[in-house]
Protein chains: 2
Amino acid sequence: MPEGDLSPPTGKPTINDLARVAGVSLATVDRVLNGRPGVRRTTIEKVNKAIADLGYIRDTAAANLARRRVYRLLFILPDAANEFVDALAAQVDVQGAQLSHQRTTLAARSVPPFDPQAIVDMLDGLSPDETDGVAVFGPETPAVRDAVNRARARGIAVVSLVADLPSSERDHFVGIDNYAAGRTAARLMGRFIHEPGPVLVITGSRLARDHLERRAGFDAVMTTDFPHLEVLPSVEGRDDPDLIQQLLPDILRAVPQVRGIYSSAAGNAGLLRCLEREGRRGDLVVIAHELTPVSRRALTTGVFDAVISQNAGHLVRSAVRLLKATADRVPFDETQERIRIDIYLQDNMPPE
Amino acid sequence: MPEGDLSPPTGKPTINDLARVAGVSLATVDRVLNGRPGVRRTTIEKVNKAIADLGYIRDTAAANLARRRVYRLLFILPDAANEFVDALAAQVDVQGAQLSHQRTTLAARSVPPFDPQAIVDMLDGLSPDETDGVAVFGPETPAVRDAVNRARARGIAVVSLVADLPSSERDHFVGIDNYAAGRTAARLMGRFIHEPGPVLVITGSRLARDHLERRAGFDAVMTTDFPHLEVLPSVEGRDDPDLIQQLLPDILRAVPQVRGIYSSAAGNAGLLRCLEREGRRGDLVVIAHELTPVSRRALTTGVFDAVISQNAGHLVRSAVRLLKATADRVPFDETQERIRIDIYLQDNMPPE
DNA sequence: TTGAAAGCGTTACCAT
DNA sequence: ATGGTAACGCTTTCAA
């Protein structure tokens, strides 16, 4: 039986209770709590026993206060002129302003889109004594993969954002299951279209893993469940509204009997302008990705029939939580970090 | 120019900086910060000027630590044998376990369903020195409304959960826009059904505001956008799987040509059993509410075509944040507290 | 290998 | 009406 008074601790046990029960000083308790060296095995065991006996759980708020811990997090985003990336950047700004009062600083940096080398350079320029964690939204290439691994090796937490980098050792992926998103789009498309015919798919880039996965999911459902709808080869729009607006008219003229369009990437503004200019056929079904001012308007006017989306606010919040938890080497709530595949119709858009 | 040293504060300003710049003590700064009495007007102004000049923002973590603030929150849930309420209760448990280490205790108490008096009694039994805030999921009646107002008058924060109580002075509503949810269900129903015919609506109770609002939204869209589908009078299932299972066969026999079923309340297990037993017609469209183990299975097997849902985890998290913010009289992030109207198809259900 | 004591930013009690 | 000072639970020197 260890020395020390055994009066029941009031409320949650603190390190003071641990010290008392284990018969050691606060400093020693802190050493074993934080795995610091210079403590005898037997002492460590005494403290660990006290921890177990009392069911001690550290108060992170107090710890961070004493430690003057600050989390410095960075978001690397493509410098694309599309509304989804804009929304992400805006969320980094807004949440950064709020979190600045909670020992957390967020920063966003842009790199040219579809440019692996730019991401590599940015990543390689990061130092662990300036940056605790980074969220990367970019293409999966061997060079990017290696740069991610180097950053992690230097002690920087890394999550992939929107598009996964599964070949790398990134700590987590923050985004939706894009294969399932593609399946979802196909299901809606198949059930909304009432007559057989061809369906057009607009994609972004072969480099973008999220786009490839969506296309794969879309094709899978179309083939098995809606064989009367023929999916045409992808049109590569590079997330560029102007390019899409330029390409589309010819294609629609070439396949006038098209029954549906799946816009699986960004650049919806171009699609919308084209559809509005040509006058959309009443029975054409259009399904796009990401709820933005552009797609909201299209849903409202009925030009788009459905939008598959992932919430930019949630993406950023989840990335922040994951990056902090990784930096602190503490566990997190799996279920809270799953980004849902949202479906929006004109009726269930959130206000404003 | 006030007395005191003016060396630039390093990092974020603290009350020490305020005290120095305003030339007063910490205690006085604290008094004005917390609106405590016993400070001269001129002193208050000196401090307020310092606050403004330095852009001071209080560190709530440190404040809560010193204050040993504990939030004691209560959830009043109907004692209904349905999976959605079960999910809510489970979330209160799970999140309560996590939050217990963050100076927050959650408790859930059951009251008989559709029993206003039980809620009134529960509410009236609450004392502000045992309970800081309460979330109420129940029918909107004058008696409930008055009890809510009394609780608030006693200094207890109150939010309505799932079903709003707009006639009361509840601090907030935590839940989806049920009118929009009904509209959404109708939109899917209308677009999934390919031939004219009657549509059946199963509701819960005339007392439940959420059910009434869903029905209203459903009817609105059906009438204007899908007039070829005739919406039959509601079947009242009282959220009771057994009752629903018992009522339904006769109705389906009476209207064999029914093209769609909108299960707008709880008790899906009964509907599912009935459909599975009778053998669902291939072209019957079934849309229900709330993603639960029961509805997940129905979506997977294709018995349900779509499920409108609100995430139980988010509901509880949002209620907690709102209740805390109200108790502390601090503002909150509107956009984060909007509960989304989720649409689930077999393809976009979250795993497990 | 261990402990005492001074913070971290805020609150609260007791003086004056 | 104001100030000093000991907490809150934890971390971090600095000594021993």
Side-chain angles (χ1 to χ4, degrees), chain A residues 2-4 9-48 50-51 54-71 100-104 328 330, chain B residues 2-4 9-48 50-51 54-71 100-104 328 330:
Chain A
E3 63 272 59
T10 65
K12 299 281 150 197
T14 72
I15 51 171
N16 286 291
D17 300 314
L18 293 182
R20 189 165 34 72
V21 170
V24 298
S25 75
L26 286 190
T28 297
V29 170
D30 181 71
R31 287 187 184 100
V32 357
L33 233 32
N34 294 289
R36 277 185 264 271
V39 188
R40 261 184 314 178
R41 286 205 89 77
T42 51
T43 312
I44 296 186
E45 273 148 25
K46 269 196 292 186
V47 174
N48 279 136
I51 293 177
L54 300 187
Y56 169 82
I57 293 176
R58 149 209 268 104
D59 181 332
T60 16
N64 282 343
L65 175 60
R67 212 188 292 241
R68 279 188 268 167
R69 187 25 160 151
V70 173
Y71 301 88
S100 70
H101 310 303
Q102 292 169 68
R103 308 168 188 288
T104 306
D328 287 345
V330 300
Chain B
E3 63 272 60
T10 64
K12 299 279 149 198
T14 73
I15 52 172
N16 286 291
D17 300 314
L18 293 182
R20 190 166 31 74
V21 171
V24 298
S25 76
L26 285 190
T28 297
V29 169
D30 181 67
R31 288 188 185 97
V32 356
L33 234 32
N34 294 289
R36 278 186 264 270
V39 188
R40 263 184 312 180
R41 289 204 88 77
T42 50
T43 312
I44 295 185
E45 273 149 23
K46 267 197 294 184
V47 175
N48 279 138
I51 292 176
L54 300 188
Y56 169 82
I57 293 176
R58 154 209 266 103
D59 181 331
T60 19
N64 282 342
L65 175 60
R67 211 189 293 244
R68 277 189 274 169
R69 179 48 155 134
V70 173
Y71 301 88
S100 70
H101 310 302
Q102 293 169 68
R103 307 166 191 290
T104 306
D328 287 345
V330 300

Report each atom pair, protein N/O against N/O of nucleotides 12-16 of chain C, whose distance is under 3.5 angstrom.
unit_1, atom_1, unit_2, atom_2, d
dA12(C), OP2, R36(B), NH1, 3.2

*Passes side-chain contact (heavy atoms from CB on, under 4.5 Å), Q102(A) versus I57(B)? Steps please.*
CA-CA 10 Å; Q102(A) 292 169 68; I57(B) 293 176; over 6 Å; no

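- Within 4.0 Å of T60(B), counting heavy atoms only, lies no atom of the nucleic acid at all.
- Side-chain N or O atoms of D17(B) include one that pairs as donor or acceptor with a backbone N or O of T14(B) at under 3.5 Å.
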*Take V24(A) and K46(A) through the side-chain contact (heavy atoms from CB on, under 4.5 Å) test and state the conclusion after the steps.*
CA-CA 9 Å; V24(A) 298; K46(A) 269 196 292 186; 4.3 Å; yes

_D59(A) and R103(B): CA distance, side-chain angles, deciding distance, salt bridge (Lys or Arg N to Asp or Glu O under 4.0 Å) verdict_ = CA-CA 9 Å; D59(A) 181 332; R103(B) 307 166 191 290; 2.4 Å; yes

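- Rounded to whole Å, atom P of dG9(C) lies 14 Å from atom CG of L54(B).
- The distance from atom CG of L18(B) to atom P of dT10(C) is 8 Å, rounded to the nearest whole Å.
- At a threshold of 4.0 angstrom between heavy atoms, the contacts of V24(A) are confined to the sugar-phosphate backbone, with no base atom among them.
- The nucleotide range of DNA chain D contacted by chain A, defined by atoms under 4.0 angstrom from heavy atoms of the protein and reported 5' to 3', is dG9(D) to dT12(D).
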_The test is side-chain contact (heavy atoms from CB on, under 4.5 Å); show your working for I51(A) and R58(A) and say whether it passes._
CA-CA 10 Å; I51(A) 293 177; R58(A) 149 209 268 104; over 6 Å; no

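- A 4.5 Å side-chain heavy-atom check between R36(B) and D30(B) finds at least one atom pair inside the cut-off.
- With hydrogens and angles ignored, the 3.5 Å screen pairs no side-chain donor or acceptor of T43(A) with any backbone N or O of R41(A).
- Under the side-chain contact (heavy atoms from CB on, under 4.5 Å) test applied with V47(A), the options L33(A), V32(A), V39(A) reduce to a single match, V32(A).
- Atom CZ of R40(A) is separated from atom C1' of dT2(C) by 9 Å (rounded to the nearest Å).
- Both tests pass for R69(B) against the ring of Y71(B): distance under 6.0 Å to the centre and angle within 45° of the axis.
- Rounding to whole angstrom units, CG of residue L65(A) and C1' of dG9(C) are separated by 6 Å.
- When each of A63(A) and T43(B) is assigned the nucleotide of DNA chain D bearing its nearest heavy atom, the one mapping closer to the 5' terminus is T43(B).
- An OP1 or OP2 oxygen of dA4(C) is reached within less than 4.0 angstrom by no side-chain nitrogen or oxygen of S25(A).
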